[in-house]
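Computed from a prediction, not measured in an experiment: that's the story for all the values here.
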2 protein chains.
Amino acid sequence: MNVTATEENYLKAIFKINERTNKAVNTNSIAALMNTSPASVTDMLKRLSEKKVINYIKYKGVTLSPEGNKIATNLIRRHRLWEVFLVNKLNFSWENVHDIAEELEHIKSDRLINSLDNFLGNPRFDPHGDPIPNAEGKFMLRNQISLDQLRPGQIGTLVGVKEHDSPFLTYLNSLNIELGTQLKVISKIDFDHSMKVKIDTNNESQLSQKICKNLLVKRI
Amino acid sequence: MNVTATEENYLKAIFKINERTNKAVNTNSIAALMNTSPASVTDMLKRLSEKKVINYIKYKGVTLSPEGNKIATNLIRRHRLWEVFLVNKLNFSWENVHDIAEELEHIKSDRLINSLDNFLGNPRFDPHGDPIPNAEGKFMLRNQISLDQLRPGQIGTLVGVKEHDSPFLTYLNSLNIELGTQLKVISKIDFDHSMKVKIDTNNESQLSQKICKNLLVKRI
DNA sequence: TATAATTTTTAGGTCACCCTAAATATTAAT
DNA sequence: ATTAATATTTAGGGTGACCTAAAAATTATA
Ligand SMILES: [Mn+2]
Ligand SMILES: [Mn+2]
Ligand SMILES: [Mn+2]
Ligand SMILES: [Mn+2]
């Protein structure tokens, strides 16, 4: 089934919303995520349904068909591999790769993406710690929790971030927090649920609950 | 000036035809090169003229404005750099890179292309021997002649090919001819202007005039 | 359960990019 | 200089992807 770049983006959006909510995806959430109008979404859902890449029942939300799922996971694979390329080979930093990958992901060539994967050493995670699905669309799972779930005294290694927007990542840069950084919870403030955290063996910083919820760590 | 990917392709086509003919480019030649109808070309020329990237006089053909020239040379720069990437880093061979580069070239990020250029070691020629313009759009010139201009006994090093289509390049592969290969003219047949040519220090092959006109060499 | 609020779809329209057929302008040939 | 051939543009139309406003369906609330 031949889909356009725009259609791929819609499928990816549906995949991501479903990943988060685990239920049929509604029109408005797609519109919100894609910065488009609900009417445009309905328009597109009809086309995607026609192409049999989604299961669509009027007013009842939408899920991906097996073919749609394959297209979406493949797109995510390409997106994340290009992000690795940009960071590891072209020395971009993690807050500057998403928008470019958003374009690169649509280049359609299996050969290209498999060569790229190989060239990069078959990475399993992207620069934000997100798993890169293999050619069959399987994601690698990892036991991870958000930093705010740690109790004082506990230590975690940063393995991922939930939010990917530039300002948040730039803020982490300023705190010297990156993937692999060790974070030790010193204390928690009950009032606003912020935490005092020791970053690697260096400085201590006060992190808001919002920040802590967006930092994914592996307990050690 | 913001141009779409399609508009960029038209500008590149105009640039290439003008490069070959050195005069105002006519509608039909653009249509032929782009596999589209003359009516569609006229349609696009109006848009491009509106955007001031071409100088267009009805019925009189078209030339690039300075801004149009900049867009076209920049596109060619991106195209050729991606081809180098595919060949030098991802181990593609020269007959399989053009179509993919045709998509990659439209990714718009100066930072991306400058990092790529740097990553590749600032190559001055692409895998087909075509010069890669610098960031200012300047092409490197090289004194080269087509193989058919050599006389028996003379030797040339292959520095480029005129045609870029897959079958031609695949044929060259089968003859063990690639960039850098030494070609020594053994004899010329007056009847069909074909040539017997020694390829490096190995075998001799009979090459048709059409092939010889497409091989660009530097005399040594 | 009836009404209000929210969500979703339909209606009708725009814009870029393409098409074919017909009309018009330019260039070549007699 | 006409006429014929060729090149180019105009006319009219289609599709994908968007939009706003209005209508209809669903869900929440009183
Ligand atoms: Mn991303
Ligand atoms: Mn995308
Ligand atoms: Mn090429
Ligand atoms: Mn192109």
Side-chain angles (χ1 to χ4, degrees), chain A residues 1-14 17-18 20-21 23-64 68 71-72 75 102-103 105-106 108, chain B residues 1-14 17-18 20-64 68 71-72 75 102-103 105-108:
Chain A
M1 185 48 57
N2 239 23
V3 291
T4 66
T6 310
E7 288 169 340
E8 283 187 327
N9 285 339
Y10 274 91
L11 292 174
K12 186 170 68 166
I14 294 165
I17 296 166
N18 174 263
R20 176 157 43 80
T21 62
K23 57 182 186 185
V25 174
N26 53 314
T27 303
N28 272 1
S29 62
I30 300 172
L33 185 60
M34 303 196 64
N35 278 308
T36 186
S37 73
S40 301
V41 173
T42 301
D43 201 42
M44 177 59 87
L45 292 182
K46 286 177 191 162
R47 274 196 296 277
L48 293 173
S49 186
E50 198 63 46
K51 291 191 176 187
K52 304 201 186 301
V53 291
I54 60 170
N55 311 114
Y56 173 50
I57 306 163
K58 257 193 190 184
Y59 293 101
K60 295 295 176 188
V62 65
T63 57
L64 295 178
I71 294 167
L75 185 65
E102 204 59 46
E103 298 188 48
E105 67 186 4
H106 297 290
K108 272 185 250 308
Chain B
M1 184 49 56
N2 240 23
V3 291
T4 67
T6 311
E7 288 169 341
E8 282 187 328
N9 285 340
Y10 273 90
L11 293 174
K12 187 170 67 166
I14 294 164
I17 297 166
N18 174 263
R20 176 158 42 81
T21 62
N22 284 306
K23 58 182 185 187
V25 175
N26 52 314
T27 302
N28 273 0
S29 61
I30 299 172
L33 184 60
M34 301 197 65
N35 278 308
T36 188
S37 72
S40 300
V41 174
T42 300
D43 201 43
M44 178 58 88
L45 293 182
K46 285 176 190 164
R47 272 197 297 277
L48 293 173
S49 186
E50 198 62 46
K51 290 191 174 185
K52 302 200 187 303
V53 291
I54 60 171
N55 311 114
Y56 174 49
I57 306 161
K58 256 193 190 185
Y59 294 102
K60 295 295 177 190
V62 64
T63 56
L64 295 177
I71 294 167
L75 185 65
E102 203 59 44
E103 298 187 47
E105 69 185 5
H106 297 289
I107 312 272
K108 272 187 248 312

What's the separation between atom [atom1] in [X] and atom [atom2] in [Y], rounded to the nearest 0.5 Å?
X	Y	atom1	atom2	result
B:Leu48	B:Lys46	CG	NZ	12.5 Å
A:Met34	A:Met44	CE	CE	7.5 Å
B:Asn2	B:Ile71	CG	CD1	9.0 Å

[X] [atom1] to [N] [atom2], straight-line distance once rounded to whole Å:
X	N	atom1	atom2	answer
A:Asn2	D:dT15	CG	C1'	16 Å
A:Ile30	C:dT7	CD1	P	14 Å
B:Arg47	C:dA16	CZ	P	6 Å
B:Tyr59	C:dT24	OH	C1'	5 Å
B:Asn26	C:dT27	CG	P	11 Å
A:Lys46	C:dA11	NZ	P	8 Å
A:His106	D:dG16	NE2	P	18 Å
A:Asn9	D:dC18	CG	C1'	14 Å

Selection from [options] that lies nearest to any side-chain heavy atom of [X]:
X	options	value
A:Lys60	C:dT26, D:dT9, D:dT26	D:dT26
B:Asp43	C:dC18, D:dC18, D:dT8	C:dC18
A:Tyr10	D:dC18, D:dT8, D:dA17	D:dC18
B:Thr27	C:dC18, C:dT10, D:dT8	D:dT8
A:Thr4	D:dC19, C:dT10, D:dA17	D:dA17

Look at [X] and [N] and indicate whether a side-chain polar atom (N or O) is within less than 4.0 Å of OP1 or OP2.
X	N	value
B:Thr36	C:dC19	yes
B:Lys58	D:dA7	no
A:Ser40	D:dC19	yes
B:Thr6	C:dA16	no
A:Asn28	C:dT8	yes

Exercise for the section: Using the closest heavy atom to pick a nucleotide of DNA chain D for each, name whichever of A:Glu7 or A:Ala39 lands nearer the 5' end. Expected result: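 First, find each residue's nearest nucleotide; the 5'-ward one identifies A:Glu7.
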
Exercise for the section: Please report the closest heavy-atom contact between B:Glu105 and B:Asn9, naming both atoms and the distance. Expected result: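 Answer, listing the atom of B:Glu105 first, then B:Asn9: OE2-OD1, 3.3 Å.
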
Problem - Residue that, paired with B:Tyr10, satisfies side-chain contact (heavy atoms from CB on, under 4.5 Å) out of B:Ile54, B:Thr36, B:Val53, B:Thr4 - result: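 It is B:Thr36, the one option of B:Ile54, B:Thr36, B:Val53, B:Thr4 that forms the side-chain contact (heavy atoms from CB on, under 4.5 Å) with B:Tyr10.
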
